[in-house]
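In this chain, numbering begins with 1 at the start of the sequence shown. In each ligand, atom 1 is the first atom listed, and ligand 1 is the first ligand listed.
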Amino acid sequence: MKYEESFKDYLGLLESKMKEVLPPADHPPVRLHEAMRYAVLEGGKRFRPVMAFAACEACGGKPEQALIPAVSIELIHSYSLVHDDLPALDNDELRRGMPTLHMKYGEALAVLTGDALLTLAMQLLSGVRPPKLAASLLHEISTAAGSYGMIGGQVADLEAEGRELDVATLDYINVHKTGKLIRTSASAGAMAAGAGRDDRTRLNRYGEFTGLAFQAVDDLLDHDGYLQVMKPGEVKEQVRDLIAKAKREIRPLGKKAGKLIQLADFLLERMPKEALKNVSVDS
Ligand code: GRG
């Protein structure tokens with residue numbers, strides 16, 4: 001089944017909540033609010049929120065319980081893309097087949113749109129009830145997004161520019177820049193379901209393995225990253241291994257973890273076709 005089909009209910013839930021919580025485009029400051037909606041609502045796979053919903057269900061919760069963490073994580077992801085596209089960083093003109101935010105709205109507004117998305121995420125999380133869950137989610141998600149997480153990874157990536165890379169440096173960059181926000185998606189979903197320590201640990205590990213696999217698949221598609229230091233076959237083998245480990249972690253959760261299994265398999269399916277030879281998706 002196609003990704004959009006498999007996760008139709010999650011995607012519907014997410015899009016309608018995001019449209020509701022993003023400031024209306026006709027509320028002043030109009031250009032900022034228009035830009036915030038442009039950054040978030042124009043496409044994207046929604047991989048991280050889907051993981052949060054699926055993790056919540058795997059731990060016995062309903063997807064709705066994970067709605068605010070799922071939306072908040074997608075807002076943070078969207079802000080990171082807006083800032084990453086800026087001339088000071090990647091200097092990209094296109095994102096998701098459309099002009100990047102600074103191409104459409106200018107650099108100053110792109111910086112401020114990113115800031116507004118990040119702060120909106122924190123504001124939404126602060127309203128989660130009970131307050132104890134709000135505090136835990138705020139701590140978990142802000143840590144993943146900050147200097148020990150996504151931003152730390154981005155800085156390590158900047159510092160590695162022009163230097164000869166090794167696998168350990170790439171692992172560090174990917175675990176932080178990409179992996180932490182994906183791991184926190186699984187973790188936040190488990191927290192929203194009120195999962196116990198054992199299940200949270202399982203979901204954390206599932207998130208770590210899939211986070212690294214996500215980046216490795218992205219590198220295979222972009223001919224970048226790990227392909228600077230490994231052969232394509234080795235990267236593909238690494239992806240298969242990570243996905244097998246991720247699935248092993250959640251197997252004890254039984255049928256409830258079905259969507260998490262499908263999400264892990266989606267990464268295998270995303271690999272360039274020849275990579276799927278001899279792969280058992282149940283491994
Ligand atoms: C906030 C200055 C600043 C930097 C953030 C994490 C990051 C640094 C930037 C994101 C850019 C990037 C290429 C990160 C690697 C992870 C990755 C492959 C992102 C793309 O995510 P997808 O594939 O995108 O989920 P869609 O479009 O589907 O949402």
Heavy-atom check, side chain of [X] versus side chain of [Y], under 4.5 Å:
{"X": "Pro252", "Y": "Arg202", "answer": "yes"}
{"X": "Tyr79", "Y": "Asp84", "answer": "no"}
{"X": "Cys59", "Y": "Leu203", "answer": "yes"}
{"X": "Leu124", "Y": "Leu75", "answer": "yes"}

Taking [atom] as the reference point, the nearest protein heavy atom with its distance:
{"atom": "atom 5 (C) of ligand 1", "value": "Ser80 CB, 3.6 Å"}
{"atom": "atom 6 (C) of ligand 1", "value": "Met150 CG, 3.4 Å"}
{"atom": "atom 16 (C) of ligand 1", "value": "Thr178 OG1, 3.4 Å"}
{"atom": "atom 13 (C) of ligand 1", "value": "Asp84 OD2, 4.1 Å"}

**Request:** Would you please indicate if the ring centroids of Phe266 and Phe7 are separated by under 6.0 Å?
**Result:** no
Can you name the atoms of ligand 1, numbered from 1 with element, that are less than 4.0 Å from a heavy atom of [X]?
{"X": "Phe214", "result": "18 (C), 22 (P), 23 (O), 25 (O)"}
{"X": "Gly44", "result": "26 (P), 27 (O), 28 (O), 29 (O)"}
{"X": "Tyr79", "result": "1 (C)"}
{"X": "His83", "result": "1 (C), 2 (C), 3 (C)"}
{"X": "Asp218", "result": "18 (C)"}
{"X": "Leu89", "result": "2 (C)"}

**Request:** Determine whether any heavy atom of Leu86 lies closer than 4.0 Å to an atom of ligand 1.
**Result:** no
**Asked** Distance-only, no hydrogens or angles: does the Asp85 side chain make a donor-acceptor pair with backbone N or O of Thr100 under 3.5 Å?
**Response** no
**Message:** Using modelled atom types and a 3.5 Å cut-off, is there a donor and acceptor pairing between side-chain atoms of Arg37 and backbone atoms of Leu22?
**Reply:** yes
**Request:** Report the part of Asp90 in contact with ligand 1, treating N, CA, C, O as backbone and CB onward as side chain, heavy atoms under 4.0 Å; options are side chain, backbone, both, neither.
**Result:** neither
**Prompt:** Counting only heavy atoms, which portion of Arg95 has something under 4.0 Å from ligand 1: side chain, backbone, both, or neither?
**Reply:** neither
**Request:** Assess the side chains of Asp218 and Tyr226: does a donor N or O sit below 3.5 Å from an acceptor N or O?
**Result:** no
**Prompt:** In terms of side-chain heavy atoms, does Asp166 have a donor or acceptor partner in Thr169 at a distance below 3.5 Å?
**Reply:** yes
**Gln154, Glu74, His77: member with heavy atom nearest to atom 4 (C) of ligand 1** = Gln154
**Prompt:** Among Lys177, Lys45, Arg96, Arg48, which one has a heavy atom closest to atom 19 (C) of ligand 1?
**Reply:** Arg48
**Asked** Say you draw a straight line from OG1 of Thr210 to NZ of Lys245; how long is it, rounded to the nearest 0.5 Å?
**Response** 13.0 Å
